[in-house]
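In this text the structure is predicted, and so the values were computed from the model without any measurement. Numbers here simply count residues along the sequence, with the first being 1.
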Amino acid sequence: MNAEGLVEVVLPGKVEPEGLEIRHGAVPTAGPGQVLIRMEATGVSFAEQQMRRGRYYDQPAFPFVPGYDMVGTVLTTGEGVEPALAGTRVAALVKVGGWASHVLVDAADVVPVPDGIGAAEAETVVVNGITAWQMLHRKARVRAGQTILVHGANGGVGSVLVQLAQAADVKVIGTASARHHDALRERGVIPVDYRTEDVAARVRELAPAGVDAVFDHVGGRSAVDSWHLLAPGGTLVSYGSASTRDDEGSKQWPVLKLLGRVWLWNALPNRRRAYFFNVWAGRALAKNRFRAQLRADLTQVFGALQRGDVTAQIAAQLPLTRVADALRLAESGTVAGKVVLNP
């Protein structure tokens with residue numbers, strides 16, 4: 001039925017980007033409850049950067065096909081799936097498996113992409129958009145008129161978070177290196193240079209009473225500083241430990257240490273809250289609720305994209321076979337937005 005064949009990227013172990021392998025095979029067949037998607041766009045997120053170092057705290061055993069999310073067109077549907085889904089463009093959060101020309105996904109996990117949104121555009125806001133939306137609206141529950149601090153305001157998640165916050169009439173202070181400051185100012189963000197400025201002191205100047213929420217992907221020392229910048233009733237949402245990316249030793253430890261701190265902080269009688277956010281965590285606990293929230297929230301994000309509240313930031317588009325270059329580019333820290341892979 002499908003002559004083109006499967007192309008996928010395999011992560012064989014802890015390797016440099018050039019160590020990723022391209023594998024060819026037969027296109028899989030959709031089983032009961034599944035759809036077969038022809039990938040149109042997938043991307044490089046922080047998760048894959050961690051995974052190739054063996055440092056993503058719940059990654060599968062090597063070898064595996066990485067790729068946290070993807071956008072594509074449904075080619076075929078399995079038994080028990082609405083046949084009308086075939087031919088529609090959908091997005092899926094898969095955690096692993098997205099870096100392939102054809103991907104099998106449970107039909108219950110796909111979210112329709114509205115007309116008028118291109119595959120690469122949609123791809124930039126799947127994992128990044130869901131993460132930003134849920135942290136902003138489900139965890140921090142921001143309200144108009146509040147002030148927030150976003151670390152890495154030019155990054156994949158940070159840039160979407162900033163735009164969603166501004167659509168909600170929230171004032172944003174954002175950390176980034178100096179080369180990104182003009183772009184942030186154009187967006188209405190107050191930029192702080194984390195390389196040359198004392199971030200905590202500068203934020204206290206800008207928000208003497210403290211900020212209502214901090215979004216921190218750095219972890220370690222940064223999370224502690226972030227906690228101390230909160231106003232009473234404020235929320236710290238920590239969603240990674242970028243500061244430990246190149247560390248050796250246990251990949252669980254930075255996360256456990258952070259969880260320990262979060263637990264301790266939440267036990268203090270100071271009306272502040274801390275969360276360690278992982279977009280995937282809710283899935284193991286309650287799959288149906290996870291799916292319902294994912295669909296609702298991603299639909300909101302796609303709506304924001306359609307309205308122009310959020311602009312898709314595509315840093316570069318490269319073919320799947322140039323995945324090593326894509327990873328190097330994403331890890332260089334020199335690009336704004338998402339590095340997208342096409343089949």
Side-chain angles (χ1 to χ4, degrees), residues 45-47 50 56-57 68-69 91 93 95 111 124-144 146-176 187 189 203 210-220 222-223 225-227 229-231 233-243 255 258-259 261-263 265-266 272-283 285-286 289-290 292-305 309-310 313 337-338:
S45 64
F46 187 68
Q50 293 278 62
Y56 195 78
Y57 74 105
Y68 211 100
D69 63 356
L93 199 63
K95 194 174 188 186
V111 178
T124 64
V125 299
V126 183
V127 67
N128 292 346
I130 276 290
T131 301
W133 179 274
Q134 293 189 344
M135 292 196 303
L136 200 62
H137 294 295
R138 291 192 184 271
K139 294 297 180 197
R141 298 173 185 241
V142 297
R143 296 185 303 282
Q146 289 188 328
T147 301
I148 65 172
L149 171 62
V150 178
H151 285 289
N154 61 293
V157 173
S159 56
V160 183
L161 190 61
V162 161
Q163 294 177 81
L164 289 172
Q166 286 172 321
D169 291 322
V170 170
K171 180 178 161 189
V172 181
I173 302 167
T175 70
R187 288 222 157 123
V189 176
V203 172
V211 292
D212 297 295
V214 183
F215 300 90
D216 187 300
H217 66 305
V218 186
S222 174
D225 290 341
S226 295
W227 173 256
L229 290 170
L230 289 174
T235 306
L236 164 65
V237 187
S238 172
Y239 65 103
S241 51
S243 61
V255 173
L258 201 51
L259 286 171
R261 280 196 181 118
V262 162
W263 182 85
W265 286 332
N266 284 333
R272 298 182 180 103
R273 303 287 306 155
Y275 293 100
F276 184 75
F277 182 82
N278 164 14
V279 72
W280 201 259
R283 193 183 163 89
L285 300 169
R289 196 179 80 184
F290 173 89
Q293 287 189 353
L294 182 79
R295 182 172 288 251
D297 297 348
L298 192 50
T299 300
Q300 291 275 7
V301 172
F302 285 149
L305 195 58
D309 288 347
V310 172
Q313 271 199 297
K338 182 116 183 177

So NE2 of H151 and OG1 of T175: to nearest 0.5 Å the spacing works out to 5.5 Å

dist S226:OG -> H217:NE2 (nearest 0.5 Å) comes out at 10.5 Å

Sorted by chain and residue number, the side chain to side chain contact (heavy atoms under 4.5 Å, CB included) partners of A274 (sequence neighbours excluded) come out as W227, L236, V262, W265, N266

Taking every heavy atom of L164 against every heavy atom of A132, the minimum-distance pair comes out as CD1-CB, 4.0 Å

Salt bridge (Lys or Arg N to Asp or Glu O under 4.0 Å) filter on D309, not counting sequence neighbours, yields R307

Looking only at heavy atoms, the pair that brings A168 and H137 closest together is CB-CE1, 4.3 Å

- Query: Are any non-hydrogen side-chain atoms of Y239 and F46 less than 4.5 angstrom apart?
  - Reply: no

Sequence neighbours excluded, the answer for side chain to side chain contact (heavy atoms under 4.5 Å, CB included) partners of D297 is I130, W133, Q134, R138, Q293

**Asked** Would you call Q313 and T124 a side-chain contact if the rule is heavy atoms closer than 4.5 Å?
**Response** no

Less than 4.5 Å apart, side chain to side chain, heavy atoms only: is that true for L230 and R273? no

Minimal heavy-atom distance between G174 and A153, with the atoms involved, is CA-CB, 3.7 Å

Self-check item: Donor-acceptor pair, side chain of Q300 and main chain of A296, under 3.5 angstrom
Solution: no

Contacts of F290 meeting ring pair (Phe, Tyr, Trp, His ring centres under 6.0 Å) (sequence neighbours excluded), chain-then-number -> W280

d(R141 CZ, T235 OG1) to nearest 0.5 Å is 9.5 Å

*Verdict with supporting geometry, L93 and D69, side-chain contact (heavy atoms from CB on, under 4.5 Å)*: CA-CA 4 Å; L93 199 63; D69 63 356; 4.0 Å; yes

Applying salt bridge (Lys or Arg N to Asp or Glu O under 4.0 Å) to R289 and not counting sequence neighbours gives none

Can you find a pair of side-chain heavy atoms, one from S159 and one from K338, that are under 4.5 Å apart?
no

Does D212 use its side chain to pair, donor to acceptor, with the backbone of I148 at less than 3.5 Å? no

Contacts of K95 meeting salt bridge (Lys or Arg N to Asp or Glu O under 4.0 Å) (sequence neighbours excluded), chain-then-number -> D58

OG1 of T131 to CG of L136, rounded to nearest 0.5 Å, is 12.0 Å

Measuring only between side-chain heavy atoms, which start at C-beta, is V157 closer than 4.5 Å to F215?
no

